[in-house]
K.L.:
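I'd like to ask some things about the structure below.
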Amino acid sequence: MKKVMTLQAVLAGMALAATASLAQASPYATELIAYSSDLTSSSLYNNPYAVLGAPTTNFKNTWGSAATARVKLVEPAYNVDLNGDKVITTLNTGSYIIAAFDHQVENDPNNPYGIDFLVFGNSFYVGNGSVSDATNMNTYTLTGGIFSEGVLVSVSQDGETWYTFSNGPSGDSAYPTNAYLWDAENAVWTDTLSDFTKPVNPDLTVSSGDTAASIIAAYEGSGGGTGFDLDDLHDLYGITLDWFQYIKVEGISGFSGGEIDAFADVAAAPVPVPAAAWLLGSGLVGLVGLRRRRQD
Ligand SMILES: [Ca+2]
Ligand SMILES: [Ca+2]
Ligand SMILES: [Ca+2]
């Protein structure tokens, strides 16, 4: 009986350990540390908790038609999500939010384009004509313009000493969020989510006459977001920040107030494994040897 109890205790401990490791796996900001007193949670875009978790994928219009829509690069997140929860927070001049990841976000040389984290707002590419989920992205053309706003972004290791991206980029700017992959062949949205931990190629530009579908294709599966490289802080502060855990967004004077939806830690690109190492790892080396001996 005593042994059974011990085994149960061990199993319970293992389950706890598994839960703990899962809880530390979020690529998104998980905790709200502080926010300005004007963010009182009372109105639609005034809840600072809306910046936690994954970027918004679908939203519901609580006015009039109560229509729902997917978040796409030509139709940004607003109003509430399908559960009725608030999705974005406006940062007017003087507003700020400090959030934290549950792990250190690294300045990883294997991150695509050197980009270490993404900030999602509600910017969008301006298109020719109205847009809904039924709009054909293959033929919907863009003006070349983007609706973006300014949100100042800073990072910190301890929540006290801050490093500000004062030369930009700005939160709530390119690249607009695109939550789902587009099936260009059948001209329909798929239910496959884009990758919110993958940056868009920073060389991508949008010109007048480009179709929305061509830009979605150029996202290469990324869900968009504004990319930040910790190496850019070196020129400003003369230090190399290897990681951070706290992020601060602030309203900038001169802008009407940008919105923040979410923050994401960029996933490092998989490092190509040399063929010999792959064979070793798979145990196929022995098989190759056997075959050779048999042929001899
Ligand atoms: Ca970097
Ligand atoms: Ca905005
Ligand atoms: Ca959000």
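Since we're looking at a predicted model, the values are computed, not measured. As the structure lists them, so they are numbered: ligands from 1, and atoms in each ligand from 1.
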K.L.:
Identify each donor-acceptor pair in which a side-chain atom of residues 42-57 lies under 3.5 Å from a protein atom, sequence neighbours left out, and give them as a table.
P.N.:
unit_1	atom_1	unit_2	atom_2	d
Ser42	OG	Thr40	OG1	3.0
Tyr45	OH	Asn79	N	2.9
Asn46	OD1	Thr40	N	3.0
Asn46	OD1	Thr40	OG1	3.0
Asn46	ND2	Asp38	O	3.3
Asn47	OD1	Tyr49	N	2.9
Thr56	OG1	Asp261	OD1	2.9
Thr56	OG1	Asp261	OD2	3.0

K.L.:
Using modelled atom types only, decide if a donor and an acceptor are shared between the side chain of Ser132 and the backbone of Ala134 within a distance under 3.5 Å.
P.N.:
yes
K.L.:
Could you go through Val131 and Met137, starting from their C-alpha distance and side-chain angles, then the distance that decides it, and tell me whether this counts as side-chain contact (heavy atoms from CB on, under 4.5 Å)?
P.N.:
CA-CA 9 Å; Val131 66; Met137 296 290 109; 3.9 Å; yes
K.L.:
Of all the atoms in Ala77, is at least one N, O or S atom closer to the Ca ion (ligand 3) than 3.0 Å?
P.N.:
no
K.L.:
Does any donor atom in the side chain of Ser156 or Asp158 lie under 3.5 Å from an acceptor atom in the other side chain?
P.N.:
yes
K.L.:
Should Val119 and Phe263 be marked as a side-chain contact (heavy atoms from CB on, under 4.5 Å) after you check the CA-CA gap, both sets of side-chain angles, and the distance that decides it?
P.N.:
CA-CA 5 Å; Val119 175; Phe263 309 106; 3.9 Å; yes
K.L.:
Donor-acceptor check, side chain of Tyr175 to backbone of Pro202, threshold 3.5 angstrom: yes or no?
P.N.:
yes
K.L.:
Less than 3.0 Å away from the Ca ion (ligand 2), how many protein N/O/S atoms can be counted, ignoring water?
P.N.:
4
K.L.:
Connecting only ILVMFWY residues whose side-chain heavy atoms lie within less than 4.5 Å of each other, what is the rest of Leu152's hydrophobic cluster?
P.N.:
Ile252, Phe255
K.L.:
In the single-linkage hydrophobic clustering (I, L, V, M, F, W, Y; side-chain heavy atoms under 4.5 Å), do Ile247 and Leu236 co-cluster?
P.N.:
yes
K.L.:
If the cut-off is 3.0 Å, does any N/O/S atom of Phe120 fall short of it from the Ca ion (ligand 3)?
P.N.:
no
K.L.:
With the Ca ion (ligand 1) as the centre, enumerate protein N/O/S atoms below 3.0 Å in chain and residue order.
P.N.:
Asn107 OD1, Gly114 O, Asp116 OD1, Asp116 OD2, Asp229 OD1
K.L.:
Between Ser207 (side chain only) and Asp210 (backbone N and O only), is there a donor and an acceptor less than 3.5 Å apart?
P.N.:
no
K.L.:
If only atom types and distance count, is the side chain of Ser194 paired as donor or acceptor with the main-chain N or O of Asn178 below 3.5 Å?
P.N.:
yes
